[in-house]
Amino acid sequence: MLKPLEYAYWAVAIAEIASEASGNETLRFFTKPLLMIVLVLFYVKNITGPRGAFHKLLIAAFIFSWVGDVALMFVPAGTAPETLMGLPKNPNFFLVGLGGFLVTHILYAIAFTKVSYPNVKALLPQRFWVAVPLLVYMGALSSVLLPAIYGNELTKPFLAPVVVYSTAIATMVVIAINRYKRVNDKSFALVFAGALIFMFSDSIIAINKFLSPVPMAGVFIMVLYIGGQYLIAKGSLAQFNKE
């Protein structure tokens with residue numbers, strides 16, 4: 001059974017996805033910033049026990065995600081208006097958004113190291129083959145993405161930030177993998193699925209911006225992002241909460 005704030009999150013999510021599908025920037029101006037606000041309220045409301053370092057890291061990660069969400073709203077896109085609700089857009093907001101989500105992934109990575117059973121040996125690096133699909137995916141994406149960024153004078157300044165960001169999200173996913181059997185199965189499955197989905201969302205952003213336009217990119221990005229963040233929140237709560 002979903003809790004009231006979960007219903008609120010998914011109601012805002014549906015409205016946000018509708019705004020992406022219809023290109024309604026006025027609706028998006030309200031729905032996109034609301035997503036992480038509602039998720040933080042849901043997360044805080046459902047913490048049991050003391051709010052230790054793990055929970056503080058998760059809350060901070062959601063806040064920096066909010067910064068990323070808001071910044072990316074002000075990145076000009078195609079033939080869209082150069083202002084949003086009277087406020088000017090600027091390409092540099094992409095770097096602000098990237099920075100917000102970079103901090104998010106770093107905070108997630110740190111939080112995910114705080115496991116329930118630290119004496120259980122981690123999968124990596126001993127079972128390195130577990131990470132091979134991830135490495136193949138990131139390698140294949142980078143092999144087409146980075147040359148495209150470097151070969152365009154307009155996007156060349158984004159090369160170093162994209163490399164740093166890609167490394168951070170890959171590291172976050174690897175650490176999520178290493179939670180296997182070091183937290184309960186529900187927490188591991190939800191967080192790992194959320195981390196992967198978040199990574200796929202970011203991949204579509206990169207492909208759409210630097211390689212070629214992706215049809216309905218905004219819808220796919222937000223569906224994955226909304227789902228990924230929700231699963232990370234639920235999985236993180238499940239590490240400590242008995243449901």
Side-chain angles (χ1 to χ4, degrees), residues 9-39 61-81 84 89-105 108 134 137-138 140-142 144-146 148-149 155 158 161-166 168-170 172-173 176 191-234:
Y9 178 76
W10 287 110
V12 174
I14 290 168
E16 164 58 19
I17 293 166
S19 78
E20 297 289 346
S22 63
N24 188 331
E25 289 203 324
T26 302
L27 178 59
R28 185 187 304 132
F29 183 80
F30 296 100
T31 56
K32 199 169 186 181
L34 265 177
L35 282 168
M36 289 302 105
I37 293 173
V38 177
L39 193 65
F62 296 142
I63 292 171
F64 277 98
S65 293
W66 179 87
V67 171
D69 285 342
V70 173
L72 292 180
M73 288 196 305
F74 290 92
V75 178
T79 59
L84 177 60
K89 294 182 180 180
N90 190 301
N92 290 328
F93 277 116
F94 182 80
L95 289 177
V96 177
L98 201 70
F101 285 117
L102 172 63
V103 176
T104 293
H105 294 311
Y108 278 154
L134 172 65
Y137 175 82
M138 294 300 294
L141 182 61
S142 298
V144 293
L145 187 62
L146 299 185
I149 296 173
T155 60
F158 294 105
V162 168
V163 169
V164 171
Y165 185 86
S166 300
I169 193 167
M172 184 269 289
V173 175
V191 166
F192 179 53
L196 279 181
I197 293 170
F198 202 151
M199 180 182 70
F200 294 144
S201 175
D202 282 343
S203 298
I204 297 175
I205 292 176
I207 292 168
N208 187 63
K209 182 172 181 63
F210 299 118
L211 288 178
S212 61
V214 176
M216 299 290 287
V219 173
F220 290 123
I221 289 164
M222 290 311 298
V223 167
L224 292 171
Y225 172 74
I226 288 165
Q229 291 279 42
Y230 175 75
L231 290 174
I232 288 172
K234 287 283 284 186

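The residues of the chain are indexed from 1 along the displayed sequence. Fair warning: this is a prediction, and the values are worked out from it, not measured in the lab.
- When side chains are defined from C-beta on, M172 does not count as touching M199, because their heavy atoms never get closer than 4.5 Å.
- What you find for L231 and A193 is that their closest heavy atoms are CD1-CB, 4.0 Å.
- Between F158 and Y165, the distance separating the two ring centers is not shorter than 6.0 angstrom.
- Residue F220 qualifies as open at atom CZ: its count of foreign heavy atoms under 6.0 Å is 12 or below.
- Contact of the E16 side chain with the F30 side chain is not registered, since no non-hydrogen atoms from C-beta on lie closer than 4.5 Å.
- Distance CG/D202 to CD1/I197: 12.5 Å, rounded to 0.5 Å.
- Here the closest non-hydrogen pair linking P91 and P76 is N-CD, 3.5 Å.
- Interatomic distance, NZ of K234 versus CG of L39, reported as 11.0 Å (0.5 Å rounding).
- For the atom pair CD1 of I232 and CZ of F62, the computed distance is 7.0 Å after rounding to the nearest 0.5 Å.
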Q) Would W10 and I226 count as a side chain to side chain contact (heavy atoms under 4.5 Å, CB included) if you check the C-alpha gap in whole Å, the side-chain angles of each, and the deciding distance to 0.1 Å? A) CA-CA 9 Å; W10 287 110; I226 288 165; 3.6 Å; yes
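- A centroid separation of less than 6.0 Å is found between the aromatic rings of F198 and Y225.
- G23 and R28 get closest at one heavy-atom pair: CA-NH2, 4.1 Å.
- Residues L141 and I207 form a side-chain contact, since some pair of their non-hydrogen atoms from C-beta on lies under 4.5 Å apart.
- Annotation for F64: atom CZ does not count as buried by contact number, only 12 or fewer foreign heavy atoms lying within 6.0 Å.
- The minimum heavy-atom distance between G218 and E20, with the atom names listed, is CA-OE1, 3.6 Å.
- Closest approach of N208 and P213 over heavy atoms only: OD1-CA, 3.4 Å.
- Within the 4.5 Å cutoff, no side-chain heavy atoms of S19 are placed close to those of K32.
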Q | From CA spacing to verdict: side chain to side chain contact (heavy atoms under 4.5 Å, CB included), F210, V162 | A | CA-CA 11 Å; F210 299 118; V162 168; 3.9 Å; yes
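- Between Y137 and F200, the two ring planes are perpendicular [angle over 60°; tilted spans 30° to 60°].
- With hydrogens and angles disregarded, no donor-acceptor distance shorter than 3.5 Å links the side chain of T31 to the backbone of V12.
- Looking at T104, its side chain does come within 3.5 Å of a backbone N or O of S65 through a donor-acceptor pair.
- Once rounded to the nearest 0.5 Å, the distance linking CG of L34 with CZ of F29 reads 11.0 Å.
- To the nearest 0.5 angstrom, K209 atom NZ is 9.0 Å from L72 atom CG.
- Rounded to the nearest 0.5 angstrom, S203 OG and I169 CD1 are separated by 7.0 Å.
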Q: Give the C-alpha distance, both sets of side-chain angles, the deciding distance and a yes or no for side chain to side chain contact (heavy atoms under 4.5 Å, CB included) between L35 and M222.
A: CA-CA 11 Å; L35 282 168; M222 290 311 298; 3.6 Å; yes
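- Nearest heavy atoms, L134 versus A170: CD2-O, 3.9 Å.
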